Each structure stands twice: as C-alpha cells, then as structure tokens.
K.L.:
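Got a structure for you, questions after.
Since the structure is predicted, the reported quantities are computational estimates derived from the model, not experimental observations. Sequential numbering from 1 along the given sequence is applied to the chain's residues.
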Amino acid sequence: MTVAFSESTELQHSAALYYLHISQNMTTQLPPKLLEPYLPLLQSSDLEVQQMSSLSLVNFLLQGNVNKEQVVHVGLLEPILEMLESGDSAIQCNSCACIMTLAISEYNCETIGLTGGFMPLLTLAKSYDPRVQQNAVGAILNLTRSERIKSIMCHEGALPVLTLLLQSADAEIQYYSCASLGNIAANSEYHKAMLAIGDKFLLRMLVSLMSSTVQKVSSQACLCLNNLASNAEVRGHLLNIDFMPLFPALLNSSNKDVRQASVTLLCTLSHPPRNLDAFVCKDMLQHLAILMQMERANHVVIIHTSCIMENICRAGAVEVLVRSQCFEELLLSLLDPMNDEESIGFVVECLAELTKHEFTLKYLYERKGESPIKCLVRMAMNLENKDLSFKSATVIRNLSHSGASNLKYFKEEVQDYLTCYLSHPELRFQQMAISTLCSLSEDPKFSVAIGQSRLKEQLEEIRQQTEATHALLKRTISQTDNLNLNE
C-alpha cells in the first residue's frame, strides 16, 4: 500500500511488477485489501506502471482470482474507464479486456453502461490495432446482455458500427459483432433500425457469414438471423435472398453448434411467409432426415425438426412429408427412451397435426407397426404429465376417427385412461374422453367393450349432471329475462 501510493514512480514500478509477478503465479483468491493499491497504480503518470498493473488485473480477472463485483466496489472502475482513452495501445487493450471480463457480472454490466463506459468502447471498436479492437468488441458483446444497456447502445449509434465490423478480416471480431447484434435482435423493438442500415445490408452480410469457414461465426450468423426472422416482415425480405440452398451443408456440418443453429433458423423460417417449395424439396427433407438420425437424443434438433414438420403440414404438404424419411424419424424419436418429456411433447404435437389428415391415418394403418400407438397410449395414461398426456390423447382421438385403426389391440389400456379422463376435474379431459368414445363406438368391438365397462356408467352420470346443469341454466336465464322485462 505504501509503495503503491508513493509519489516515486520507481517505487510504483516495483509495486506494479510485484502484482504482475503474483498474477502469473497465484492459485488462490487475492485478498480484497490487496485490490486497494491498484487505485494509484492504474492512475499513475508512468505508462509502464499502468501497463503492468492493468495487465496483472486482467490476469487476476481471467483466472478468477478476484471477485468481479469487488473490483467495482473498491472504486477501480473509474480508472479503468479513464484508461480506455489512453494514447497507449497496450493500456487500451488491457482496459478493454478488464471491462470485457467485469461485464460478465450483471451488476457490473449495468454499472459500466450507466457510468459512460460504452462510448469509449465504441470508439476503440474502430481501432487499427486488432488486439484493442477485439477486446473492445468483446466488451460490447458482454454489455449487450443487459436490456437497459442495449437501449443506450442503439441510441448512441452502435448498430452501424457493429454491422460494418461484420466485414472484418478478423474472425474473432466477426464473431463478437455477430453475437452482439444477435443479442440486440432478441428484442424486436430494434429490428426496424437494424434493417434500415444500408437498405437491409445487415441481412445480406449475415447470409454471407452463414457460409464462413469459421464454424462459430457461421453458427452465430444463423442465430442472429433467427432472432431477426421472428419478425414476419424480415422473413418476407429473406425470401428475396436465395439462401435456402445453404442449409443442406449447414445441417450436415461436422460442428454440433452449426447444426443446431441452422435447424433453429430453418424452424423460424418455416412460419409464414415461407418458401414452401424449398422446404418440401427432396434434398431438404433428406438432409433433415439425416440430421434427425445423427441427433436422435438432441432435444434442440428434435424440437425444431418437429416444429418444421408441423408447419409444413399446416401449409398443406402432408403427403410429401409423410412419404419422406423425416416422418419415419419422427416416429423413431417418439420411441427413443433417451428423449426427455419436453422433446417428446413437440413430437406428439406434430403427430397431432399430421393425424388430422386422412392420408396420414391410412399410412399409419398400412405401416402395421403397433409401437407408436402403444407408446401414445402409455403416455396418455400417465396423468402426472398432464400436457403430454392430453397431447397423446389428441393423437389417439384423431386415430379413432379412422375406421382402419390399430387401436383395437389396446382396448383395455384405452379404456383405462378414458376412465381417468371422464373423472378428471378439468373439463378439457372430460370432453376429450367423450369425443374419443364417440368415434370408437362406431367400431362394433369397441362399442361392445365400452358397453360392458365402467365407462358406460360414467357417461350416464355425466349425462344426468349435464341435463341437471342445463335445466338450471335455462331456469336462471328465464328468470333474468323476466326481471329485465319487468324493469
């Protein structure tokens, strides 16, 4: 403390050198009291002292040897921000690295943005020194995690700078800029301003970066486009850019992040307005099927491919979809015990949409496999997960509409869950059971089985309750009408 606060630059130099040495060798936490001497060192008039002390602080932060919020609490943020405006590139580089690491903390992120830390970083993002530029854009990326700071950034002109940085020859800068824009695009409030730059120049740059040989850049470009494409207007603009042929290679990438990001974007693009022909072409469906084979236990892939297929079905391309390998992979995903309930929920929801169509029902019957139906019946019986149970029951009801149904092999199981549904406190479950029974009773064998089971008694009880409720409603409405006439 004494040496650091000394007016002698030689003594300060010794203190800075000591900190640099221990930052390279220390394996434990730096005591909070040892942060205090940094204040005079970072404000020293000697550039070498500032260089060494800022570098040692970066080392401590990167290794996790100091508490990030403690650094701000002891008052070191102000001198760090002042060093951003230093004329020395090494000091600029270190101070940007400090901000980038400090901003990982939510508290620090807000504090840095609200104390004017953003504008110097934006200036340094245009630096000719690649190290300074990298750290400055990296710091901006971490600041974009705060909604409040994103608003300040967009107001202060960050969007054009970040968009132009996508053209950088440095892959790290491309990645940081792309990720920053992706975070900003997560809020649709900024979409209009983002598209206004150079007449949708941002969209064209992001599409170009999808083909980057640097996989994390390619992945981040897909994710940024995905956030933008949540806007129907953006999807309309993307239709005018012939980039759908890029997807087969991305879906087949050796990198898991690229595969996940591309299928996520493809899912968003499958919402209207969409290029249906591009989705149902043999090449696209084939690559989607290959992806589903590769990633059978990957919930991101299962959820998004299920959504893509559901959207294609809603667009009317049922036959081409059911005939494709994608449909077989969907059924295999349903049966895979490695998949979690959330993923299976999306698979079942897709099946519920597909089984609204006669072509799908006929295909499933001719397929002769009983496993998917057995699985659906088992999930319908599990009322611990009410949503998955209800979705499964929806598919079974759709299957019951078909005269040619394999449900006959599971009469007892179907009756068991329908019995539970009829006594369920939620009206939707009762209605689902009645609707299913109405269809099943058209089958003579099912009709006999229903008549001999507890279901018949339950239906009679519900009928009597409904008639009593109907009579009470009629009486109440009649009395209300009479009262209004008297008035």
K.L.:
Side chains of D340 and S343 only: does a donor on one sit below 3.5 Å from an acceptor on the other?
P.N.:
yes
K.L.:
When you measure from the side chain of S23 to the backbone N and O of L20, does any donor-acceptor pair fall under 3.5 Å?
P.N.:
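Such a contact is found between S23 side chain and L20 backbone.
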K.L.:
Strictly by modelled atom types, are D170 and Q134 linked by a side-chain donor-acceptor pair under 3.5 Å?
P.N.:
yes
K.L.:
For the pair Q260 (side chain) and V301 (backbone), establish whether a donor and an acceptor sit closer than 3.5 Å, ignoring hydrogens and angles.
P.N.:
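Side chain of Q260 to backbone of V301, a donor-acceptor pair under 3.5 Å: no, none is there.
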K.L.:
Using the side chain to side chain contact (heavy atoms under 4.5 Å, CB included) criterion, which residues pair with L34? Sequence neighbours excluded.
P.N.:
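So L34 forms a side chain to side chain contact (heavy atoms under 4.5 Å, CB included) with Y19, L30, P31.
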K.L.:
What I want to check is whether the side chains of N298 and E295 have a donor and an acceptor closer together than 3.5 Å.
P.N.:
yes
K.L.:
Between S151 and E147 (side chain of the first, backbone of the second, donor and acceptor by atom type, cut-off under 3.5 Å), is there such a pair?
P.N.:
no
K.L.:
Hydrogens and angles aside, do N231 and S188 bring a side-chain donor and acceptor to less than 3.5 Å of each other?
P.N.:
no
K.L.:
Starting at CE of M309, measure out to SG of C350 and round the result to the nearest 0.5 Å.
P.N.:
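Between atom CE of M309 and atom SG of C350 there are 5.0 Å.
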K.L.:
With a 3.5 Å cut-off and no angle check, do the side chains of Q286 and Q325 form a donor-acceptor pair?
P.N.:
no
K.L.:
For V322 and F327, which heavy atoms make the closest approach, and how far apart are they?
P.N.:
O-CB, 3.6 Å
K.L.:
If only side-chain N and O atoms count, and only distance matters, is there a donor-acceptor pair under 3.5 Å linking Y421 with S389?
P.N.:
yes
K.L.:
At what distance, to the nearest 0.5 angstrom, does CE of M284 lie from CG of D277?
P.N.:
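So the gap between those two atoms works out to 11.5 Å.
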K.L.:
Please tabulate, for side-chain N and O atoms in residues 87-95, each donor-acceptor pair with protein atoms closer than 3.5 Å (sequence neighbours left out).
P.N.:
residue: D88; atom: OD1; partner: Q51; partner atom: NE2; Å: 3.1
residue: D88; atom: OD2; partner: Q51; partner atom: NE2; Å: 3.1
residue: D88; atom: OD2; partner: A90; partner atom: N; Å: 3.1
residue: D88; atom: OD2; partner: I91; partner atom: N; Å: 3.0
residue: Q92; atom: NE2; partner: S86; partner atom: O; Å: 2.6
residue: N94; atom: ND2; partner: Q51; partner atom: O; Å: 3.3
residue: N94; atom: ND2; partner: S54; partner atom: OG; Å: 3.0
residue: N94; atom: ND2; partner: A90; partner atom: O; Å: 3.3
residue: S95; atom: OG; partner: I91; partner atom: O; Å: 2.9
residue: S95; atom: OG; partner: Q92; partner atom: O; Å: 3.0

K.L.:
Do Q133 side-chain atoms and K126 backbone N/O form a donor-acceptor pair below 3.5 Å?
P.N.:
no
K.L.:
Less than 4.5 Å apart, any side-chain heavy atom of L77 and any of I99?
P.N.:
yes
K.L.:
Working to the nearest 0.5 Å, report the span between OG of S180 and CG of L159.
P.N.:
10.5 Å
K.L.:
What is the distance from atom CG of L62 to atom OG1 of T101, rounded to the nearest 0.5 Å?
P.N.:
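So the CG of L62 and the OG1 of T101 are separated by 4.5 Å.
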K.L.:
Give me each pair satisfying ring pair (Phe, Tyr, Trp, His ring centres under 6.0 Å) with a member in residues 99-123, each pair once, sequence neighbours excluded.
P.N.:
H73-Y107
K.L.:
Do side-chain atoms of N311 reach the backbone of C307 as a donor and acceptor pair under 3.5 angstrom?
P.N.:
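Yes, N311 side chain to C307 backbone: donor-acceptor pair under 3.5 Å.
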K.L.:
Would you mind listing every ring pair (Phe, Tyr, Trp, His ring centres under 6.0 Å) that reaches into residues 181-200, with sequence neighbours excluded?
P.N.:
none
K.L.:
When you measure from the side chain of R145 to the backbone of E106, do you find a donor-acceptor pair of N or O atoms at a distance under 3.5 Å?
P.N.:
no
K.L.:
Could you tell me whether the side chain of S44 and the main chain of P40 form a donor-acceptor pair under 3.5 Å?
P.N.:
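No; judged by distance alone, with no hydrogens or angles, the pair does not exist.
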K.L.:
Could you tell me whether a side-chain N or O of S219 sits under 3.5 Å from a main-chain N or O of A261, the two making a donor and an acceptor?
P.N.:
no
K.L.:
Side chain of N65, backbone of Q29: donor and acceptor closer than 3.5 Å?
P.N.:
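Not at all, since once roles are kept as given, no pair shorter than 3.5 Å links the two residues.
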K.L.:
Quick check: does any side chain N or O of N108 sit under 3.5 Å from a backbone N or O of K68, one acting as donor and the other as acceptor?
P.N.:
yes
K.L.:
Taking the side chain as every heavy atom from C-beta outward, state whether L288 and V263 have any pair of such atoms under 4.5 Å apart.
P.N.:
yes
K.L.:
Supply the atom-to-atom distance L354 CG to L330 CG, rounded to the nearest 0.5 angstrom.
P.N.:
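Separation between the atoms: 7.0 Å.
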K.L.:
What pairs of residues pass the ring pair (Phe, Tyr, Trp, His ring centres under 6.0 Å) test when at least one of them lies in residues 138-175, not counting sequence neighbours?
P.N.:
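Residue pairs with at least one partner in residues 138-175: there are none.
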K.L.:
Would you call the rings of Y363 and F359 parallel, tilted or perpendicular, taking 30° and 60° as the class edges?
P.N.:
parallel
K.L.:
If you look only at pairs with a residue in residues 302-323, which of them pass as a ring pair (Phe, Tyr, Trp, His ring centres under 6.0 Å), with sequence neighbours excluded?
P.N.:
none
